[in-house]
Structures are given as structure tokens and as C-alpha cells.
Asks: 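Take this structure first; my questions come after.
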Number of protein chains: 2
Amino acid sequence: MKLTELKAIQLAELFSALSDASRVRIISLLMEGEMSVSALAKELKMTESAVSHQLRGLRQMHLVRARKSGRQVFYSLEDEHVSRLFSLGLDHVQHG
Amino acid sequence: MKLTELKAIQLAELFSALSDASRVRIISLLMEGEMSVSALAKELKMTESAVSHQLRGLRQMHLVRARKSGRQVFYSLEDEHVSRLFSLGLDHVQHG
DNA sequence: CTAATATATGAACAGTTGCTCATATATTCA
DNA sequence: TGAATATATGAGCAACTGTTCATATATTAG
């Protein structure tokens, strides 16, 4: 598998999105459907600030999308790529 | 997707293995077949020490296996799980 | 045996990460 | 309008990461 340095960096950045337990749990919740920042914070027992900071990173990587409604912002997964990675990783963790 | 905290941590650890460009490139080379530490170092233009340190981490996660032959140690992927993750990630990076 | 080679490993250090805290902005409510 | 609510964001900081450097161990060559 010949790989340019650029692609290696891009791949590493993609996997970095899932390299933290908080982000993994955020993504696992978003796989069920969209959720507001405060709902995520409550469910994950994290401050809204911490959740917001993580969502910012995921947004910048185009892994999640934000939809504003009133004073709430609802986040959802931008496409199925991340959930596919997530599921394959989960397979490995469970059996494997 | 309901997820225990333990599984979230395990998933994050798995993805952490691929969250660094050096490790991504090491794994991409091992997908071609086994290689010695010095061969990896030469190909990746890294010191043998840096490569060895990274291989240690991958070994502890049971993602690579070591085979000693004389004074060289040949590393190879322990199973296809990582290469599947790698390939799926690469898909995302290329198109998508 | 000694010297050279291949790898492993600990310490140290710079860079990064993820959090909290304070504050800013935007929206709704009274 | 002013107070309350929801989110975003920058600064600061402790913890973690990946590298280099020095050194240790193991194997082979002479």
C-alpha cells in the first residue's frame, strides 16, 4: 500500500476524530439522530462547553452538521462514513 | 447506538493507533508484508528508535506481531482488522 | 574474546489535546 | 427593554504524545 505523506496525514486526522472517548460517545449518540448541545451534555455528563468544543472540531472536519433552531443548535452526522468506521471498529473491539 | 464507557474507551484506543501519520505509514507498509525495524526506518526516513517506539505501542495493542530472526526483528500485521479500518478510512479520504 | 550491528528502552523535552472558567453572542420571554 | 437561556469561544493549564539522545541487550563476525 503505497501512501503519500499527505494521505497519511489526512488518514491520521480522520482517525483522530475517533481517538477520544468523549468524541466516540458523542458520535454514538448522533448515530441515533440529531441532538442539541445541551441534550448531549446532559446524556454524557459533560459540561456544555466541553461538548461544544468537541463539536467544533468535528464540524471543522465535516463529520457533523449543525442546524440552528431558536436558541438551540442540533447536531447530526454529516454522512455515513464515520458511522461505518465506528461500526467496523466496534466489531474489532467486541469479537476480534 | 448505546455504548458503555468501557467500550467507548476501547474504541478510542483502537482509533488512536491510526491517529498518527507515522503509525499510518508503518501500517501501510506492513500491509504489503513483514518488514524489519531498520527497513521500515529507512523507507519512512525515521530513526530506528522512533520506529521501534511506535512498534512497541502497536505490539501492546496486538495490532502487529514480531518475529525475531538473527539480530533483526520482522514485524507484520497481526490480523486483517486494522487493514480493514485503514482501507475504509482511505475510501473516506479519497472520495467522500 | 572484542567489535560491529539490530533492536529496545528510559529520560527529557517540545508540541498537542481536552478540559474548566470567564466571557461573548444570540435568541426568547416577561 | 431587561433577564434568562443556549451555544460559542479564547485563555490557561495539566496531562498526554512523539521524538531525540544515551544507553542497554542480544546476536553475529573476525
Side-chain angles (χ1 to χ4, degrees), chain A residues 3 5 8-30 34-78, chain B residues 3 5 8-30 34-78:
Chain A
L3 201 64
E5 175 64 12
I9 291 172
Q10 291 176 330
L11 258 180
E13 281 172 354
L14 171 61
F15 287 114
S16 294
L18 288 157
S19 71
D20 171 79
S22 297
R23 282 192 298 277
V24 162
R25 297 175 76 211
I26 287 173
I27 289 171
S28 81
L29 286 175
L30 295 183
E34 70 174 13
M35 261 199 231
S36 71
V37 176
S38 49
L40 284 165
K42 186 170 187 181
E43 180 76 21
L44 299 175
K45 297 189 179 67
M46 292 172 63
T47 66
E48 302 181 0
S49 177
V51 172
S52 185
H53 274 295
Q54 294 292 9
L55 286 169
R56 181 183 214 245
L58 294 173
R59 222 189 312 130
Q60 287 172 343
M61 296 191 66
H62 301 103
L63 299 182
V64 302
R65 130 178 4 108
R67 176 180 71 83
K68 190 164 184 177
S69 170
R71 45 190 154 182
Q72 306 195 80
V73 178
F74 291 91
Y75 280 85
S76 55
L77 297 184
E78 187 149 325
Chain B
L3 201 63
E5 175 66 10
I9 291 173
Q10 291 175 330
L11 258 180
E13 281 172 354
L14 172 61
F15 287 115
S16 294
L18 287 156
S19 70
D20 170 79
S22 296
R23 283 191 298 276
V24 163
R25 298 174 76 212
I26 287 173
I27 289 171
S28 81
L29 286 175
L30 295 184
E34 68 173 14
M35 260 199 230
S36 71
V37 176
S38 50
L40 284 166
K42 186 171 187 180
E43 180 77 23
L44 298 174
K45 296 189 180 68
M46 291 171 65
T47 66
E48 301 180 1
S49 177
V51 171
S52 185
H53 274 296
Q54 294 293 8
L55 287 170
R56 181 183 215 247
L58 295 173
R59 222 188 312 133
Q60 286 172 343
M61 298 191 63
H62 301 103
L63 299 181
V64 302
R65 124 174 14 103
R67 177 180 71 83
K68 190 163 183 177
S69 169
R71 45 190 154 184
Q72 305 196 83
V73 177
F74 291 91
Y75 280 85
S76 56
L77 298 184
E78 187 149 327

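Throughout, protein chains are lettered first and strands after them, A, B, ... in sequence-line order, and every chain is numbered starting at 1. Computed from a predicted model, the values in this text were never measured in an experiment.
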Asks: Round to the nearest Å and state the distance from A/L55 atom CG to D/dT9 atom C1'.
Replies: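 Rounded to the whole Å, the gap is 13 Å.
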
Asks: Figure out the CE/C1' separation between B/M35 and C/dT7, and round it to whole Å.
Replies: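 These atoms are roughly 17 Å apart.
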
Asks: Considering only heavy atoms from C-beta outward, does the side chain of B/E13 approach that of B/I9 to under 4.5 Å?
Replies: yes

Asks: Calculate the interatomic distance between A/F15 atom CZ and C/dT17 atom P; express it in whole Å.
Replies: 17 Å

Asks: How many whole angstroms separate atom CG of A/L58 from atom C1' of D/dT7?
Replies: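 Value for this atom pair: 16 Å.
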
Asks: If we only count heavy atoms from C-beta on, is the A/L30 to A/M35 side-chain gap below 4.5 Å?
Replies: yes

Asks: Nearest whole angstrom, please: distance from the P of C/dT7 to the CZ of B/R67.
Replies: 12 Å

Asks: Locate the shortest heavy-atom distance separating A/R25 from A/S28; write the atom from each residue and the value.
Replies: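 Closest pair (atom of A/R25, atom of A/S28, distance): O-OG, 2.9 Å.
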
Asks: Within the 4.0 Å heavy-atom criterion, would you say B/S38 contacts the bases, only the backbone, or no part of the nucleic acid?
Replies: sugar-phosphate

Asks: How would nucleotides 16-30 of chain D be written as a contact map, 5' to 3', with B for base contact, S for sugar-phosphate-only contact and - for no contact, using protein heavy atoms under 4.0 Å?
Replies: --SSBB----SBBS-

Asks: Hey, does the side chain of A/Y75 come within less than 4.0 Å of D/dA6's phosphate (OP1/OP2), counting only N and O?
Replies: no

Asks: Looking at A/R65 and A/E34, does any basic side-chain N land under 4.0 Å from a carboxylate oxygen?
Replies: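 Between A/E34 and A/R65 there is no salt bridge, as every charged N stays at least 4.0 Å from the carboxylate O atoms.
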
Asks: Calculate the interatomic distance between A/L44 atom CG and C/dT20 atom C1'; express it in whole Å.
Replies: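 In whole Å, C/dT20 C1' and A/L44 CG are 17 Å from each other.
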
Asks: What is the distance from CD of A/E48 to P of C/dC19, rounded to the nearest Å?
Replies: 14 Å

Asks: Of the candidate nucleotides D/dT7, C/dT7, D/dA8, which contains the atom at the shortest distance from the side chain of A/R59?
Replies: D/dA8

Asks: Please state whether the phosphate of C/dG10, meaning OP1 or OP2, lies under 4.0 angstrom from any side-chain nitrogen or oxygen of B/R56.
Replies: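 Looking at the OP1 and OP2 atoms of C/dG10, one of them is under 4.0 Å from a side-chain N or O of B/R56.
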
Asks: Do A/S76 and A/R67 have side chains that approach each other closer than 4.5 Å (heavy atoms only, starting at C-beta)?
Replies: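 Answer no - side chains too far apart.
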
Asks: How about A/V64 and A/R59: do any of their side-chain heavy atoms sit closer than 4.5 Å?
Replies: yes

Asks: Quick check: does any side chain N or O of A/R23 sit under 3.5 Å from a backbone N or O of B/A12, one acting as donor and the other as acceptor?
Replies: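 Side chain of A/R23 to backbone of B/A12, a donor-acceptor pair under 3.5 Å: no, none is there.
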
